[in-house]
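Accompanying notes for the structure given below.
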Amino acid sequence: MTELERYQSIVQYAVEGIFQSTPDGRYLLVNPALARMYGYESPVEMLAEVTDISKSVYVDPTVRDNFKQLMESEGKVTGLEYQVRRKDGTTIWISEHARAVRNEAGQVIYYEGFVEDITHRKRIEDQLRQSQKMDAVGRLAGGVAHDFNNILTAILGYAELLHRDATDELTRSRAAEVRRNTERAAALCRQLLVFSRKQALQPKLVNPNAVVADMEKMLQGLIGENIKLVTHCAADLQHTKADPSQLEQVILNLAVNARDAMPAGGTLTIETQNVRLTHADVARYPELPAGDYILLAMSDTGHGMSAAVKARIFEPFFTTKPAGKGTGLGLATCYGIIKQSNGHIAVYSEEHVGTTFKVYLPGVLADATALPAPKPTPKPKRGTETILLAEDEPAIREIAATTLRELGYFVIEAADGREAMNLAQQRGCKDIDLLLTDVVMPEMGGKELAYWLRAVSPRTRVLFTSGYTDKSVIRSGVLNPGTRFLQKPFPLTTLAQEVRLTLDN
């Protein structure tokens with residue numbers, strides 16, 4: 001192999017993106033890794049379609065100006081982080097290292113450098129910042145609650161003395177009112193202490209199924225007759241180590257939250273199941289180790305919530321309810337209880353569709369013996385069929401497409417139902433063997449997309465995915481019973497198996 005061939009091999013097979021571009025914004029060279037990173041099938045396609053980097057790639061146009069200024073003044077950039085737009089319109093974060101190449105007159109003739117996709121790292125950093133923020137708020141809340149409890153203790157004591165020594169009914173009545181309101185304030189302090197994880201718990205081995213069963217009648221009375229309560233509890237559910245009364249508090253708070261989200265009625269679905277989280281699964285939850293967990297999911301068919309609300313939903317005193325209708329401590333209390341029980345609580349919600357809260361608690365066998373060893377995962381079967389993948393979450397779409405392509409499938413990617421429809425028409429609807437689609441997407445949802453595609457191509461199989469649980473999307477009428485469904489988050493091996501099963505059955 002000549003020296004030139006060795007350099008060509010490095011560029012061709014590098015795992016990071018490599019490029020050369022002109023100062024006026026044209027790519028001269030891109031390697032296959034950069035083309036894939038930006039969503040193109042090949043370097044040839046990317047060079048043909050990206051004629052102006054500033055317009056096609058940069059999410060923030062000012063980034064290009066800053067890049068050029070650095071090149072002029074420093075001659076290089078190191079670790080420059082910014083967002084770029086992929087071919088399908090989705091965005092990713094990259095880190096760029098580049099230098100300016102000049103001619104003998106000192107003029108810049110082109111730039112060359114390396115590009116790394118850091119989207120996953122950015123997501124983890126955001127999660128870490130959110131976790132640190134919640135911890136800081138928790139410490140502050142715990143300190144305030146501790147000091148305030150001391151003050152309330154004195155107020156309550158003096159109110160009791162005043163009530164005891166009162167010589168007339170009016171004074172006695174006013175002292176009783178002071179005591180009642182002091183006790184209400186003390187209850188708020190207890191909730192703050194739970195959120196800050198400074199409330200003493202009394203954990204013991206408990207089966208969440210038993211807790212749900214004991215609370216079922218009370219929950220139905222709490223949510224009202226216009227809301228249907230549905231439970232699906234796994235028969236072989238493992239136990240977990242938690243404070244039963246605090247677990248009841250979590251279920252109550254989530255039920256109240258669901259009730260308030262469905263003023264006109266709806267369905268509240270409670271599910272339990274055993275789940276095994278792999279190292280890939282817990283990448284979304286850095287504080288959780290991989291292992292066996294109990295999943296307690298509570299789903300409503302209410303109005304859902306926006307991304308901005310979801311980002312603050314567990315903060316103490318944050319509420320979207322009118323003044324006087326809530327303290328904003330219900331979900332913060334749930335957060336504190338679950339964290340103190342070494343678990344995790346996550347929320348999945350879409351506006352006008354509904355909300356699912358997922359509580360993960362460490363699983364323990366009833367006799368507290370060692371957990372069974374995981375069964376060996378069968379090697380995923382390969383295929384050659386054409387799959388139309390419709391998923392509005394870029395990270396999920398990318399990893400699913402990559403996995404399926406590695407197994408031999410031809411994958412067409414779409415960021416929403418409308419784009420999937422257009423791509424299906426371009427490809428030829430009858431050539432699509434499987435539609436793999438998220439249930440809820442902008443522009444057009446998965447149910448509407450599947451209905452349209454099956455009408456023009458009855459042979460096409462359909463596999464739905466969603467962050468909601470299967471029982472909740474079927475009970476709410478979004479999907480029909482018997483529909484093939486894959487719940488997020490899913491291991492990639494499970495994705496491969498479900499795709500193959502759907503195609504074969």
Side-chain angles (χ1 to χ4, degrees), residues 8-68 70-71 77-101 110-125 387-406 409-416 418-420 422-423 426-427 442:
Q8 289 175 334
S9 177
I10 291 172
V11 173
Q12 183 73 15
Y13 298 108
V15 295
E16 304 295 354
I18 299 175
F19 73 93
Q20 288 182 339
S21 66
T22 63
D24 62 355
R26 288 183 301 106
Y27 278 121
L28 299 173
L29 174 148
V30 296
N31 72 334
L34 188 67
R36 288 193 301 271
M37 193 184 299
Y38 285 23
Y40 294 90
E41 292 291 336
S42 67
V44 174
E45 181 190 17
M46 184 172 173
L47 290 171
E49 295 194 17
V50 181
T51 57
D52 188 332
I53 296 174
S54 297
K55 294 180 180 178
S56 302
V57 174
Y58 289 89
V59 173
D60 181 359
T62 62
V63 170
R64 184 67 179 179
D65 296 332
N66 296 336
F67 176 85
K68 292 175 70 174
L70 284 170
M71 284 298 190
V77 295
T78 303
L80 182 64
E81 298 182 1
Y82 55 91
Q83 284 183 292
V84 296
R85 189 178 295 106
R86 302 175 81 241
K87 179 186 177 182
D88 60 8
T90 59
T91 59
I92 60 173
W93 278 92
I94 66 165
S95 176
E96 184 173 1
H97 306 266
R99 72 183 187 100
V101 178
Y110 64 87
Y111 308 131
E112 62 183 11
F114 299 86
V115 175
E116 176 189 5
D117 184 347
I118 59 170
T119 306
H120 179 70
R121 192 194 83 195
K122 282 287 187 180
R123 188 178 299 115
I124 295 298
E125 288 175 352
I387 298 174
L388 175 59
L389 170 61
E391 169 60 62
D392 62 321
E393 178 61 43
I396 296 176
R397 185 174 65 250
E398 182 176 353
I399 190 64
T402 300
T403 299
L404 295 172
R405 287 185 181 122
E406 289 175 351
Y409 298 102
F410 182 80
V411 182
I412 304 169
E413 298 180 52
D416 55 55
R418 189 69 61 188
E419 184 183 5
N422 295 335
L423 291 173
Q426 294 173 17
R427 174 75 184 179

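- Interatomic distance, Phe67 CZ to Thr62 OG1, rounded to the nearest 0.5 Å: 14.0 Å.
- The six-membered or imidazole ring of Tyr111 lies away from that of Phe19, with a centre-to-centre distance of 6.0 Å or more.
- Under the salt bridge (Lys or Arg N to Asp or Glu O under 4.0 Å) criterion, Glu16 pairs with no residue at all, not counting sequence neighbours.
- Side chains of Lys87 and Glu45 form a contact here, defined as non-hydrogen atoms less than 4.5 Å apart.
- Taken to the nearest 0.5 Å, the CD atom of Glu116 stands 12.5 Å off from the CG atom of Leu34.
- Using a cutoff of 4.0 Å between basic side-chain nitrogens and carboxylate oxygens, Arg36 and Glu398 are not scored as salt-bridged.
- Arg64 approaches Tyr58 most closely through the heavy-atom pair NH1-OH, 3.3 Å.
- Atom CZ of Phe114 sits in a sparse spot, with 12 or fewer heavy atoms from other residues, nucleotides or ligands closer than 6.0 Å.
- Using a 4.5 Å heavy-atom threshold, the side chains of Val115 and Tyr38 count as touching.
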Item to check | Candidate pair Val57 and Arg85, rule side chain to side chain contact (heavy atoms under 4.5 Å, CB included), full reasoning | outcome: CA-CA 5 Å; Val57 174; Arg85 189 178 295 106; 6.0 Å; no
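- In this structure, Leu80 CG and Leu70 CG are separated by 7.0 Å, a value rounded to the nearest 0.5 Å.
- Residues Ser56 and Val50 come closest through the heavy atom pair CB-CG1, 4.0 Å.
- Considering every non-hydrogen atom in both Arg86 and Gly39, the closest pair reads NH2-CA, 3.4 Å.
- Within the 4.5 Å cutoff, the side chain of Glu112 has heavy atoms near those of the Val101 side chain.
- By the 4.5 Å heavy-atom criterion applied to side chains, Ser21 and Arg26 are not counted as neighbours.
- In this structure, the side chains of Gln83 and Ile92 stay at 4.5 Å or more apart for every pair of heavy atoms.
- Taken from CD1 in Ile399 to NE2 in His120, the straight-line distance is 10.0 Å, to the nearest 0.5 Å.
- With a 4.5 Å cut-off on side-chain heavy atoms, Ile18 and Val30 do not count as touching.
- When every heavy atom of Arg405 is checked against every heavy atom of Glu41, the shortest pair comes out as NH2-OE2, 4.3 Å.
- For Tyr27, there are no ring-ring contact (aromatic ring centres under 6.0 Å, His included) partners, not counting sequence neighbours.
- Between Thr91 and Val84, the closest side-chain pair of non-hydrogen atoms is not below 4.5 Å.
- Atoms CE and CG, on Met71 and Asn66 in that order, are 12.5 Å from each other to the nearest 0.5 Å.
- For the pair Arg427 and Ile412, the tightest heavy-atom approach, listed with the atom from each and the gap, is CG-CD1, 3.7 Å.
- Nearest heavy-atom pair across Pro43 and Asn31 is CG-C, 3.8 Å.
- For the atom pair Trp93 CH2 and Lys122 NZ, the distance stands at 4.5 Å (nearest 0.5 Å).
- Residues Ile94 and Glu81 form no side-chain contact, since every pair of their non-hydrogen atoms from C-beta on lies 4.5 Å or further apart.
- Under the 4.0 Å criterion applied to side-chain N and carboxylate O atoms, Asp392 and Arg397 are not assigned as salt-bridge partners.
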